[in-house]
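Note that ligands are numbered from 1 as they come in the structure, with each ligand's atoms numbered from 1 the same way.
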Amino acid sequence: MGQYVAPRRDMQFVLHELLDVENEFKAMPAFAEIGRDLVDQVLEQAGKFTAEVLFPLNQSGDHEGCHFKDGEVTTPKGFKEAYKRYCEAGWPSLSADTEFGGQGLPHTIQYTVQEMLNSANQAFTMYPGLGHGAYEALHAHGTDEQKQTYLPKLISGEWCGTMCLTEPHAGTDLGLLRTKAEPDESGAYKLTGTKIFVSAGEHDLAPNIIHLVLAKLPDAPPGTRGISLFVVPKFVPDANGNPGARNRIRCGSIEHKLGIRANATCVMNLEDATGYLVGEPHKGLMAMFVMMNGARLGVGLQGLGLTEVAYQNSAAYAKERIQSRSLSGPKEPNKAADPIIVHPDVRRMLLTQRAYVEGGRAFAYWVALALDKSKHHPDDAVRKECDDLVALLTPIVKAFLTDNGFLCTNLAMQVFGGHGYIQEGGMDQYVRDARINMIYEGTNTIQSLDLLGRKVLADGGHKLRLFGSMIKTFVEKEGATADMAEFVKPLVALSKTLDELTKELGALAKKDPEEMGAAAVDYLRLAGHLVFAYFWARMAKIALAKQAQDSFYKAKLATARFYFGRLIHETEALVPSVRSGAGNLLALEADLF
Ligand SMILES: Cc1cc2nc3c(=O)[nH]c(=O)nc-3n(C[C@H](O)[C@H](O)[C@H](O)COP(=O)(O)OP(=O)(O)OC[C@H]3O[C@@H](n4cnc5c(N)ncnc54)[C@H](O)[C@@H]3O)c2cc1C
């Protein structure tokens, strides 16, 4: 079954030493009372819950999968009980609004818990995760009545939620969707259509499921400007707010798939299903973006969570498994061979995982803090700046962390050799589970187009310059010492390169938009490395000062040096690739493929 122990020491390093969250919280009246004790207490409790309740169900849930019969879905053994315990412990309500029964804690804390949940059991975590997303969309765009009806139950976890966007012919391009919504005499709507790939669309964890469905009104303009959002409950709440009449939205089948097998991926058929408009007609995609942006950050945390658990298991294995002797002579002469951790390439595989998980944690928690500040900081200018930075960095969290997650789970499998490929050790599951994170919530290609097209070029580089000025401030204030040169020099060089490349692409894309499409995926990886270089340099600064204190800082410094010594050089291959332009991609006529 392997192991999972929440990496609380590293989480505390990020929260307290890198981000200084206690002081950041003090500046926000909503969180001013939250001290280090509370943060550490949540980490401890979440660490216990995820390791003791959810992790033991991860492999068994994958092997058993979900069951579908007569429109009903049964989750794997143990999931129902675990979900009950999850709700009783109050985990669904952590960062939710106190007005509707939430605990009102910052996203920064929620994200740490989310990382642990994903490490322990991604498939399980998606059930409450979608409920939380539905909560966020209704909280932002629902009517008062909708909020009173749905929010308390979504917050407590009593009811779950979904997002129903995808249709067989409409995946990335939601402008193509066909589900229609006709107004009825009661002021509600009747929805008809087929949604596919709906995660947690049907299951036995909760007595009601609140579907958020995108559909088109009869007078809808074509394309994405004609999409409206509806809340379609599985059981329509009665006058007392309890599940009432069974609605005409039903699960037609579930998918058999590569990973996250314990999460039901459902075909949902709507036949005159009763729905209620959320927000304004034809403005549904904008409303849904609240859920989608939250979900994109959430998927990034799935990539991060899987990287952590895969790293832990492969590091433990590399210390136990003995095979061959070290090139420089036996390291454990009393054994028949040395543990494989002596081999440089096994270390490369472990350190790659470690550098991506620790860099990703610093980055993701920083974004969570910026999200909190964008909503709760008393200074308008800080709120606006944080909002811009979150918008810029969301596609990077989603795509860079999940691409790295797949790379790292593969490396973890490789460390196990053949024992990673067979099912017994559980390493295959991490690879299979990690694969979906690059696809759903907008494929990673779509994230890269969002980053380069919308967040960078369409905005004249304003948001990117905000991030650039953070780097500049750090370098001027804390990077000028000789011992920081090994970290700061490549950071500054990459920042300059990305600036130049952005200007070149801006000019090229004006003449030919294909240039933007051809550059986007490489560009996102370059930007991801810039972000990681910044956070690794900041972490190195702290570790340099404290390296004599304990081995934690020694390890942090060694990992920073590995990142700057090896991983960042990927960027040197990406730059000429971007500069080679769209020509080599578009030269071949489609019928020659
Ligand atoms: C397990 C699972 C769970 C899911 N859960 C949900 C859910 O809960 N709710 C929901 O609504 N959906 C869900 N989805 C759907 C998911 O979000 C879509 O699969 C995804 O958005 C891609 O759409 P598609 O599969 O139709 O691929 P397509 O849109 O057909 O894309 C195919 C390929 O073409 C590329 N492509 C498409 N358009 C462009 C473009 N403009 N530029 C460059 N490349 C492009 C894509 O990147 C991709 O590589 C889920 C899917 C899976 C497999």
Side-chain angles (χ1 to χ4, degrees), residues 62 65-66 73 122-123 125-134 137 160-179 193-203 209-215 223-224 227 229-230 232 249 251 253-268 270 284-285 288-289 291-296 298-299 302 395 398-399 402-403 406 432-454 509 513-524 582 585-586 590 593:
D62 176 61
C66 289
V73 172
Q122 176 172 328
T125 300
M126 289 171 69
Y127 291 104
L130 282 145
H132 187 76
C160 286
T162 73
M163 52 197 295
C164 301
L165 285 65
T166 308
E167 297 180 9
H169 54 280
T172 300
D173 187 355
L174 292 170
L176 298 174
L177 63 83
R178 290 186 198 138
T179 297
T194 298
K195 296 287 177 181
I196 63 165
F197 296 164
V198 177
S199 298
E202 180 60 52
H203 55 79
I209 301 175
I210 309 308
H211 303 280
L212 288 186
V213 181
L214 291 181
T224 49
I227 297 174
L229 177 63
F230 299 85
V232 181
I249 177 165
C251 178
S253 60
I254 60 173
E255 306 295 345
H256 302 279
K257 57 194 193 291
L258 184 71
I260 54 162
R261 288 182 177 158
N263 193 274
T265 305
C266 303
V267 173
M268 299 301 297
L270 298 96
L285 205 52
M288 197 63 163
F289 255 108
M291 189 165 182
M292 283 153 73
N293 278 332
R296 285 173 179 185
V299 175
Q302 293 179 335
K398 198 284 181 178
T402 61
D403 282 346
F406 187 61
R432 289 186 287 101
D433 284 358
R435 191 63 185 85
I436 187 57
N437 300 334
M438 302 153 81
I439 296 175
Y440 59 17
E441 260 332 302
T443 63
N444 286 358
T445 301
I446 298 305
Q447 303 303 320
S448 71
L449 294 171
D450 180 42
L451 174 71
L452 181 58
R454 296 236 310 265
E514 300 286 8
E515 292 291 345
M516 193 276 292
V521 166
D522 289 342
Y523 185 89
L524 187 142
L585 298 176
L586 301 179
F593 278 85

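- Ionic pairing of Asp62 and Arg432 is present here: one or more N-O contacts between side-chain nitrogen and carboxylate oxygen are shorter than 4.0 angstrom.
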Below 3.5 Å only, please: the N or O atoms of ligand 1 paired with protein N or O atoms, distance on each line.
from, atom 1, to, atom 2, distance (Å)
ligand 1, 5 (N), Phe197, O, 2.8
ligand 1, 5 (N), Ser199, OG, 2.8
ligand 1, 8 (O), Ser199, N, 2.9
ligand 1, 8 (O), Ser199, OG, 3.3
ligand 1, 9 (N), Met163, O, 2.8
ligand 1, 11 (O), Leu165, N, 2.8
ligand 1, 11 (O), Thr166, N, 2.9
ligand 1, 11 (O), Thr166, OG1, 3.1
ligand 1, 12 (N), Thr166, OG1, 2.7
ligand 1, 14 (N), Phe197, O, 3.4
ligand 1, 29 (O), Thr172, N, 2.9
ligand 1, 29 (O), Thr172, OG1, 2.5
ligand 1, 47 (O), Thr443, OG1, 2.8

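- Within the 4.5 Å cutoff, the side chain of Leu229 has heavy atoms near those of the Leu212 side chain.
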Counting only pairs under 3.5 Å, give me each side-chain donor-acceptor contact of residues 515-523, with atom names and distances, residues two or more places apart or in other chains.
from, atom 1, to, atom 2, distance (Å)
Glu515, OE1, Ala582, N, 3.2
Asp522, OD2, Ser577, OG, 2.6
Tyr523, OH, Thr502, OG1, 2.8

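- Listed by chain and residue number, Glu167 satisfy the salt bridge (Lys or Arg N to Asp or Glu O under 4.0 Å) test with Lys195 (two or more places apart in sequence, or in another chain).
- In this structure His203 satisfies the ring-ring contact (aromatic ring centres under 6.0 Å, His included) test together with Tyr127, sequence neighbours excluded.
- With hydrogens and angles disregarded, a donor-acceptor distance shorter than 3.5 Å links the side chain of Asp433 to the backbone of Ile260.
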